[in-house]
Amino acid sequence: LPVKKKLREFSTGMMAKFKVICALSHHPKTLILDEPTAGLDTFAREDIAEMLRTHMDRYEDTSMIISSHITSDLATLADDIYLINDGKIILHEDVDVILSDYGLIKINHSAYSDIDKTHIIRKRQVKDHLELLTDEKAYYRENYPEIIIEDCDIDKVMTNFVKGESYEGSDR
């Protein structure tokens, strides 16, 4: 016979999975999750993400709002990202757009004066160079093949929105 565990004997990961299962068992139209994978190891986080993805695939009319600082989880679960800082929405973007269009230009001060800044969103001093966040990395790759342009993930976008300064020509 299987041994039945009492809830207080559950590991942190088992308890987190149990909570998600309980929340999903009601087939809610809107599910609000606050840090559902915080404090969990990689395997438990992946198990919870898989449960949530399966639920969303099965019940397409369900919406999920997830508050999390673990952006790698958000990238695999979310369609849209809202970045909130000091109670204000400072970015609302489709995850696929962030991953495909956003880039981080790493440039020295002398080269900075020579580039078109039309598509620069944020600027940040890092050690001896500038990091410029753009939502048009293809434009800069095509027109400035000599400069370094990294692909962005949600962490890089978040860091530059929060720690970078708004570029004077940007509306964000």
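What you see is a predicted model, and the numbers here were worked out from it, not measured in a lab. Throughout, residue positions are numbered sequentially from 1 according to the sequence presented.
- When each of Leu133, Ile121, Val126 is tested with Asn160 by the rule side chain to side chain contact (heavy atoms under 4.5 Å, CB included), just one qualifies, namely Leu133.
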Given Asp116 and Tyr144, is the side-chain hydrogen bond (donor to acceptor under 3.5 Å, both in side chains) satisfied, shown in steps?
-> CA-CA 9 Å; Asp116 177 0; Tyr144 301 94; 5.2 Å; no
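- Salt-bridge formation is not detected for the pair Glu9/Lys6: no Lys NZ or Arg NE/NH1/NH2 atom is positioned less than 4.0 Å from an Asp or Glu carboxylate oxygen.
- With sequence neighbours excluded, no residue satisfies side chain to side chain donor-acceptor pair (under 3.5 Å) with Asp153.
- No salt bridge links Glu165 with Arg124; every basic N to acidic carboxylate O contact stays at or beyond 4.0 Å.
- Classification of Arg45 and Asp73 as a salt-bridged pair holds, one side-chain N sitting under 4.0 Å from a carboxylate O.
- Side chain of Asp86 to backbone of Lys88: no donor-acceptor contact under 3.5 angstrom is found.
- Judged by distance alone, the side chain of Lys117 and the main-chain N or O of Ile115 form a donor-acceptor pair under 3.5 Å.
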Could you list the donor-acceptor pairs under 3.5 angstrom formed by side chains in residues 14-26, with sequence neighbours left out?
residue, atom, partner, partner atom, Å
Lys17, NZ, Asp47, OD2, 2.8
Ser25, OG, Cys22, O, 2.7

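- In this structure, CD1 in Ile148 is found 11.5 Å from CZ in Arg141, a value given to the nearest 0.5 Å.
- Under the 4.0 Å criterion applied to side-chain N and carboxylate O atoms, Lys123 and Glu131 are not assigned as salt-bridge partners.
- Looking at residues two or more places apart in sequence or on another chain, you find no side chain to side chain donor-acceptor pair (under 3.5 Å) involving Thr134.
- By the salt bridge (charged side-chain N to carboxylate O under 4.0 Å, His left out) test, Asp79 pairs with no residue at all, sequence neighbours left out.
- Although no hydrogens or angles enter the test, the distance criterion places no donor-acceptor pair under 3.5 Å between the side chain of Glu35 and the main chain of Thr37.
- Applying the side chain to side chain donor-acceptor pair (under 3.5 Å) test to Asp80 and every residue at least two apart in sequence or in another chain returns His92.
- Of the inter-residue distances, the one linking Ile89 atom CD1 with Leu83 atom CG reads 9.5 Å to the nearest 0.5 angstrom.
- Applying the ring pair (Phe, Tyr, Trp, His ring centres under 6.0 Å) test to His27 and every residue at least two apart in sequence or in another chain returns Tyr59.
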Determine, step by step, whether Tyr102 and Glu136 satisfy the side-chain hydrogen bond (donor to acceptor under 3.5 Å, both in side chains) criterion, reporting the C-alpha distance in whole Å, the side-chain angles of both residues, the deciding distance to 0.1 Å, and the verdict.
-> CA-CA 6 Å; Tyr102 280 63; Glu136 292 288 340; over 6 Å; no
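- Put simply, the residue from Val157, Leu74, Thr71, Asp94 that forms a side chain to side chain contact (heavy atoms under 4.5 Å, CB included) with Ile81 is Leu74.
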